[in-house]
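Here's the structure we're looking at; comments come further down.
Letters go in sequence order (proteins before strands), and every chain restarts at 1.
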There are 2 protein chains.
Amino acid sequence: MKRDIQKEHAQSCDMLHHHDELVERVVHEMPPEEDLYDLADFFKVFADTTRIKILYVLLKQEMCVCDIAQTLEMTQSAISHQLRILKQMDLVKNRRDGKIIYYSLADNHIVSILSQGMDHINE
Amino acid sequence: MKRDIQKEHAQSCDMLHHHDELVERVVHEMPPEEDLYDLADFFKVFADTTRIKILYVLLKQEMCVCDIAQTLEMTQSAISHQLRILKQMDLVKNRRDGKIIYYSLADNHIVSILSQGMDHINE
DNA sequence: TTTACATATGAACAATTATTCATATATTTA
DNA sequence: TAAATATATGAATAATTGTTCATATGTAAA
């Protein structure tokens, strides 16, 4: 993930910014850097069509890797890579049944985030 | 945005997938491709620290480009580029007052999406 | 109508990332 | 134990994207 290099001084607006103590105040009200990075990383998971599709599949149905691949007409490898990312972010969980590993949504939080997104694009 | 090339046939699992009519059913229950792309594009906007920071700033306070740059210690150009993306996605709006252009959040939808994200990472 | 200032934008570069391909691991069955 | 099947994973490649730099646009003041 790209973490931006901090400038010693922002030299925008020829150093003549308008609202000095406003800036000061808002700077102090900002959440910790770390949280903002984590939040961006969280949304990054939803920022890919393949992962969105996987989540929509699992929304309907627990499924094995093979069937997800079949459903999305993609390779098993591609799906497996993306499932790993979803798992790392605790968006999906899995259980093993013999050779087959079934994936499902980790919690209902995800459903409501997806719905809110859908609401916005269909405003 | 990267749109994946569809395979004629998914050849995962050596063509021997487990749950044929399950796959069939879920395929038909999927939302339109287009919507899924749009949804991923929507979340892509939140998937960058700079844009997240801008949104958190505007959550507190309407602000001009220059002051946002000052607040985040980044160049005016970088902020301006990101504001354009936020505007295109209807996450922010702006008004002109003389030479200065003030940006603010487009609606309260955004607040709740950010909060839900924060909730998840602090689960 | 020049000059200064606030913002926007195009091109180039650096960094990130999704998929593919080859192969490894794990489990079941013969 | 060997063979087959389901899934995972590392490396390479192609594509996307955020920032910088230089410059353009638009507005106000001199």
Side-chain angles (χ1 to χ4, degrees), chain A residues 1-7 10-19 37 40-41 43-54 63-70 72-89 92-103, chain B residues 1-7 10-19 37 40-41 43-54 63-70 72-89 92-103:
Chain A
M1 320 280 173
K2 190 188 291 177
R3 313 242 147 163
D4 31 7
I5 297 115
Q6 307 247 8
K7 294 280 166 68
Q11 22 78 285
S12 45
C13 311
D14 290 357
M15 296 289 188
L16 282 171
H17 49 282
H18 307 290
H19 312 103
Y37 281 119
D41 285 349
F43 284 118
K44 223 166 270 182
V45 182
F46 294 89
D48 174 76
T49 311
T50 300
R51 287 191 294 267
I52 287 277
K53 286 180 181 174
I54 293 175
M63 251 200 196
C64 69
V65 180
C66 168
D67 283 350
I68 299 172
Q70 194 82 23
L72 304 186
E73 299 187 277
M74 296 181 65
T75 63
Q76 173 271 319
S77 179
I79 299 300
S80 202
H81 277 293
Q82 297 309 326
L83 282 170
R84 191 159 65 91
I85 294 171
L86 291 168
K87 186 126 196 301
Q88 278 171 346
M89 271 296 179
V92 304
K93 57 180 192 271
N94 59 17
R95 67 179 179 88
R96 178 183 277 280
D97 180 14
K99 277 181 290 191
I100 300 176
I101 296 179
Y102 289 96
Y103 279 83
Chain B
M1 318 276 173
K2 190 188 291 176
R3 314 240 147 163
D4 30 8
I5 297 114
Q6 307 246 7
K7 293 281 166 66
Q11 24 75 287
S12 45
C13 311
D14 290 356
M15 296 289 187
L16 282 170
H17 49 282
H18 307 290
H19 310 105
Y37 281 119
D41 285 349
F43 284 118
K44 223 166 271 184
V45 182
F46 294 89
D48 173 76
T49 312
T50 300
R51 288 191 294 268
I52 286 277
K53 286 179 182 173
I54 292 175
M63 251 199 197
C64 69
V65 180
C66 168
D67 284 349
I68 298 172
Q70 194 83 24
L72 305 186
E73 298 186 279
M74 295 181 66
T75 64
Q76 173 270 319
S77 179
I79 299 301
S80 202
H81 277 294
Q82 298 309 327
L83 282 171
R84 191 159 66 91
I85 293 171
L86 291 168
K87 186 125 194 302
Q88 278 172 345
M89 271 295 179
V92 303
K93 56 180 192 272
N94 59 19
R95 66 178 179 88
R96 177 183 279 280
D97 181 13
K99 277 181 291 191
I100 300 176
I101 296 179
Y102 289 97
Y103 280 83

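B/L83 has its CG atom 16 Å from the P atom of C/dA6, to the nearest Å. Taking atom CD1 of residue A/I54 and atom C1' of nucleotide C/dA18, one finds them 11 Å apart after rounding to whole Å. In this structure, B/K99 places its NZ atom 7 Å from C1' of D/dA29, rounding to the nearest Å. The CD atom of A/Q70 sits 15 Å away from the C1' atom of D/dT5 (whole-angstrom rounding). For the pair A/E73 CD and C/dT19 P, the computed distance is 14 Å after rounding to whole Å. In this entry the distance linking OH of A/Y37 with P of D/dG18 reads 14 Å, nearest Å. Straight-line distance from the CD1 atom of A/I100 to the C1' atom of C/dT27: 11 Å, rounded to whole Å. To the nearest angstrom, P of C/dT7 lies 16 Å from CG of B/L86.
The phosphate of C/dT19 has OP1 or OP2 within less than 4.0 Å of a side-chain N or O from A/T50. Between A/R51 and C/dA18 there is a side-chain N or O to OP1 or OP2 distance below 4.0 Å. Residue A/R96 has no polar side-chain atom (N or O) positioned under 4.0 Å from OP1 or OP2 of C/dA26. Between A/Q82 and C/dT19 there is a side-chain polar atom (N or O) within less than 4.0 angstrom of OP1 or OP2.
Here the side chain of A/A78 is nearest to one of C/dT19, D/dG18, D/dT20, namely C/dT19. With D/dT7, C/dT9, C/dT7 as the candidates, the nucleotide lying closest to the side chain of B/R84 is C/dT9. Closest approach to the A/I85 side chain among C/dT9, D/dT7, C/dA18 is made by C/dA18 (side chain taken as heavy atoms from C-beta onward). Here D/dT19 is the nucleotide among C/dA8, D/dT17, D/dT19 with the atom lying nearest to any side-chain atom of B/M74.
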Test A/I68 against A/L83 for side-chain contact (heavy atoms from CB on, under 4.5 Å), laying out the working first. CA-CA 10 Å; A/I68 299 172; A/L83 282 170; 4.3 Å; yes

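Side-chain contact check for B/M89 versus B/D41: some heavy-atom pair is nearer than 4.5 Å.
When each of A/I100, A/D97, A/N94 is paired with A/C64, the side chain to side chain contact (heavy atoms under 4.5 Å, CB included) condition holds for A/I100 and for no other.
The base of D/dA8 lies close enough to the side chain of A/Q76 for a donor and an acceptor atom to sit less than 3.5 Å apart. Judged by distance alone with a 3.5 Å cut-off, a donor-acceptor contact links the side chain of A/S77 to the base of C/dC21.
B/Y103 comes within 4.0 angstrom of sugar-phosphate atoms only, judged by non-hydrogen atoms across all strands, and of no base.
The nearest heavy atom of DNA chain C to A/D97 and to A/H81 marks one nucleotide each, and the one closer to the 5' end goes with A/H81.
Between the side chain of B/R51 and the backbone N or O of B/K44 there is at least one donor-acceptor pair closer than 3.5 Å.
Between A/F46 and B/F43, the two ring planes are tilted [angle within 30° to 60°].
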